[in-house]
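A short write-up of the structure that comes next.
Convention: sequence-line order gives letters A, B, ...; per-chain numbering from 1.
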6 protein chains.
Amino acid sequence: MTGGYDTDIVTRLETNLDDLSPEITGAVMEKLLAAGALDVWFTPIQMKKNRPAVQLSLLCDEARAEALADILFTETSAFGLRVEKVARLKLERRFETVATEFGEITVKLGLKQGRVIQTAPEFESCRAASERTGQPLRAIYAAALAAYAAQHAQS
Amino acid sequence: MTGGYDTDIVTRLETNLDDLSPEITGAVMEKLLAAGALDVWFTPIQMKKNRPAVQLSLLCDEARAEALADILFTETSAFGLRVEKVARLKLERRFETVATEFGEITVKLGLKQGRVIQTAPEFESCRAASERTGQPLRAIYAAALAAYAAQHAQS
Amino acid sequence: MTGGYDTDIVTRLETNLDDLSPEITGAVMEKLLAAGALDVWFTPIQMKKNRPAVQLSLLCDEARAEALADILFTETSAFGLRVEKVARLKLERRFETVATEFGEITVKLGLKQGRVIQTAPEFESCRAASERTGQPLRAIYAAALAAYAAQHAQS
Amino acid sequence: MTGGYDTDIVTRLETNLDDLSPEITGAVMEKLLAAGALDVWFTPIQMKKNRPAVQLSLLCDEARAEALADILFTETSAFGLRVEKVARLKLERRFETVATEFGEITVKLGLKQGRVIQTAPEFESCRAASERTGQPLRAIYAAALAAYAAQHAQS
Amino acid sequence: MTGGYDTDIVTRLETNLDDLSPEITGAVMEKLLAAGALDVWFTPIQMKKNRPAVQLSLLCDEARAEALADILFTETSAFGLRVEKVARLKLERRFETVATEFGEITVKLGLKQGRVIQTAPEFESCRAASERTGQPLRAIYAAALAAYAAQHAQS
Amino acid sequence: MTGGYDTDIVTRLETNLDDLSPEITGAVMEKLLAAGALDVWFTPIQMKKNRPAVQLSLLCDEARAEALADILFTETSAFGLRVEKVARLKLERRFETVATEFGEITVKLGLKQGRVIQTAPEFESCRAASERTGQPLRAIYAAALAAYAAQHAQS
């Protein structure tokens with residue numbers, strides 16, 4: 001099944017952490033992202049002996065998997081990692097800049113067969129505008145979406 | 001491994017949502033079920049930049065996967081979906097009606113090699129009886145289980 | 001507001017743990033219960049710097065609060081505890097024994113103004129019967145509820 | 001502290017459920033809302049003996065507390081409820097209708113000392129428009145926010 | 001009850017967010033901490049209409065409460081905030097520096113009536129050492145604890 | 001990808017439970033571990049109709065999968081189980097005993113290509129020492145890590 005979407009295959013690494021301090025777990029997230037993980041997330045889980053534990057999951061390109069496994073074995077308390085290949089359906093991504101009353105904002109577009117079906121103001125671009133202007137982040141997002149809509153209504 | 005159970009293969013679609021309002025996420029669940037998803041569920045996850053995000057997961061027949069992917073890309077903020085085939089072991093299902101003091105209730109039976117090993121009053125049938133009689137749902141469930149047990153003790 | 005229910009006041013202690021291994025958090029639960037906590041529970045929370053942390057909550061009689069605070073400060077990584085008085089509405093509790101095909105089971109009853117409005121098979125009593133007979137715990141629960149219902153239908 | 005906000009006092013009822021089927025817990029939410037609860041929510045918690053339990057919380061006016069406590073004691077497995085008075089800061093609420101390409105949408109406004117500081121399209125109004133037009137809920141929300149902004153820019 | 005501990009009273013602000021994007025919720029955490037919140041945390045909750053929502057909680061000195069409420073009403077989708085005063089038991093805090101093979105590390109000590117009962121290497125101090133030396137954070141923590149123990153065994 | 005790690009293949013069984021009492025779910029965890037599951041964990045999930053449900057996951061050797069599936073179908077409310085093969089990367093494990101002021105403690109070592117990269121005091125060994133001496137579990141862990149470090153610094 002592709003349904004007109006882009007596809008790729010990524011590697012998912014996963015491990016259950018029941019003897020690591022959350023302070024350290026939090027710091028590992030940044031290390032993994034810096035080392036090329038595409039995404040890293042934590043899921044609260046409940047393990048044996050009443051342990052309120054955490055499942056760490058990450059997605060990466062296969063070429064990065066070994067380096068990321070090394071980080072997990074070195075920086076966390078893991079003695080084992082689950083490794084799975086996962087197929088993805090993806091929208092083609094494109095970036096566009098829109099002019100708003102708060103300055104220029106980058107908008108990420110998601111396309112299916114050349115047609116835009118997703119529009120998402122870029123977080124860091126909005127955050128920069130929010131800091132620059134002192135306006136709430138939500139106002140920046142709304143302005144970016146409105147500016148994008150206005151621009152494409154005209155065309 | 002089948003161990004005497006029925007088996008099938010389903011498709012699991014999964015995506016991490018870190019920029020969608022929970023109001024909309026909640027509404028998408030219904031849309032996906034209406035469009036033929038076998039099951040839809042949310043898992044609270046924690047993503048980068050302190051985001052309290054949600055993993056949306058669904059199971060479906062392969063034939064429905066493309067239509068459900070279209071809904072996810074249209075109705076949520078997803079730019080990508082993970083797609084996996086998953087084998088299932090299943091009990092054979094059968095439905096039976098039992099007579100209770102609260103009226104007739106449907107009971108779902110799960111069978112392994114012809115033998116009933118699961119008995120579950122149907123939620124909607126119990127809810128209807130609860131609304132009809134004003135009795136607590138728990139009382140309806142208990143009555144349905146008791147009626148099923150009594151009926152099969154006699155036979 | 002009492003609405004015909006029993007009432008009491010308990011103390012709730014609460015702390016957010018972001019630098020304790022779940023192995024140790026799990027073990028603390030047992031220690032707190034052994035030292036007289038009425039209830040202890042963990043809530044998954046998300047703290048600053050991407051930490052997948054845990055909120056530990058307990059209820060106790062005021063007379064036990066100091067001893068339990070000592071355990072928390074000694075056995076966990078807490079530097080502070082929140083202390084609140086909380087009013088409770090409660091059902092009057094009574095225990096009854098019912099005879100089932102799996103042996104005698106204790107049932108906990110909850111009464112409002114002398115009338116039974118809750119019926120709950122006691123977990124440990126059911127577990128003992130399950131281990132004694134090799135039958136699933138769910139079957140024991142169902143049998144206990146059915147026996148209680150039958151016994152009170154006759155009377 | 002009021003800081004120019006409206007204030008009121010509500011009652012919070014809370015109970016930990018470790019022996020209720022999620023099917024029934026889910027149905028109780030609707031019953032509580034129908035009986036006048038202002039808000040009802042579930043928090044995943046972890047209780048003794050490895051139980052993946054649920055904390056049910058609700059807010060209500062004091063005048064509704066007894067009726068809601070009766071529902072909780074009747075419809076759930078609770079033997080006790082925690083009862084707390086809680087002060088709230090609130091925005092003054094006002095509703096306005098805006099015209100969009102998808103029809104009229106109701107927008108909820110939040111005011112502090114007469115000034116609008118929150119703008120939220122009403123969920124049910126957006127859902128109705130989404131069903132009427134077949135357009136994604138997110139598009140309706142965006143259109144409502146844009147229409148509100150345009151209308152107030154003109155004035 | 002003080003039990004020989006320091007005590008204070010803080011204000012807890014809490015709100016349930018069911019219509020805010022997690023991207024924005026995450027960014028608000030930093031803003032609240034920068035504005036003087038003592039602690040900010042998110043709890044995954046489940047609200048009506050199948051919404052996977054978030055409870056935002058913060059602790060602050062009463063003097064900061066109004067400014068933090070303003071941020072919450074401006075930066076999130078909240079129309080209301082719960083405000084409670086909460087008593088705390090606290091250890092007296094002291095900081096000490098220890099020499100390790102990875103450089104000097106700050107250790108936070110918690111004292112009850114002048115006696116040290118908690119020892120926690122400071123996260124930022126350990127992170128700096130980890131970045132400086134390239135060694136895992138866990139090794140830094142262990143070295144700091146060992147150095148502290150050795151130093152105090154000698155004295 | 002093996003990257004110098006040991007590898008194996010395990011079976012993961014998973015099911016979503018929306019109609020089982022947490023009391024019973026908790027008891028099933030022990031039964032599954034006793035029957036040879038390598039790991040069992042619960043994840044809080046949110047299913048349709050506002051149900052605060054639980055995902056039960058377990059890992060096992062393929063040879064144990066059928067017996068564990070039988071337990072799940074008998075002891076829980078599952079009508080279906082997801083079955084997946086999952087590859088794992090693992091550290092080689094070795095156990096060593098260290099002498100501490102609290103008695104001998106077992107330490108679990110994780111090795112990559114013969115080199116120790118993980119050191120974890122064994123929970124049950126620490127717990128026994130904690131009970132024997134009345135000292136906090138955290139102190140035992142710290143002593144075991146320090147003893148291991150000292151012993152290997154000398155050699």
Sidechain-backbone polar pair: B:Arg64 side chain, B:Ala35 backbone, donor-acceptor under 3.5 Å: yes

Donor-acceptor side-chain pairing of D:Thr11 and D:Glu62 below 3.5 angstrom: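 There is no such pair (donor and acceptor under 3.5 Å, judged by atom type) between the side chains of D:Thr11 and D:Glu62.
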
More than 12 heavy atoms of other groups within 6.0 Å of B:Arg132 CZ: yes

Under 4.5 Å, heavy atom to heavy atom, which residues of [range] contact chain D?
range: residues 22-33 of chain B; answer: B:Glu23, B:Ile24, B:Ala27, B:Glu30, B:Lys31
range: residues 113-125 of chain B; answer: B:Phe123
range: residues 102-112 of chain B; answer: none

Sequence neighbours excluded, every pair satisfying salt bridge (charged side-chain N to carboxylate O under 4.0 Å, His left out) that has a member inside residues 134-149 of chain B: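 As it turns out, there is no salt bridge (charged side-chain N to carboxylate O under 4.0 Å, His left out) pair with a partner in residues 134-149 of chain B once direct neighbours are skipped.
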
Part of D:Ser21 lying under 4.5 Å from any heavy atom of chain B: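 Neither part, no heavy atoms under 4.5 Å.
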
Under 4.5 Å from a heavy atom of chain B, the part of D:Leu20 involved: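 D:Leu20 touches chain B through side-chain heavy atoms alone.
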
Taking every non-hydrogen atom, the tightest pair across B:Cys60 and B:Leu68: CB-CD1, 3.4 Å

Nearest atoms (heavy-atom pairs only) where B:Ser77 meets B:Leu17: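 For B:Ser77 and B:Leu17, the tightest heavy-atom pair comes out as OG-CD2, 3.8 Å.
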
Greatest number of heavy atom pairs closer than 4.5 Å to chain D - which of B:Pro136, B:Ser130, B:Cys126: B:Pro136

Reported CG-to-NZ distance for the pair B:Asn16 and B:Lys48, which is rounded to 0.5 angstrom: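 One gets 11.0 Å once the value is rounded to the nearest 0.5 Å.
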
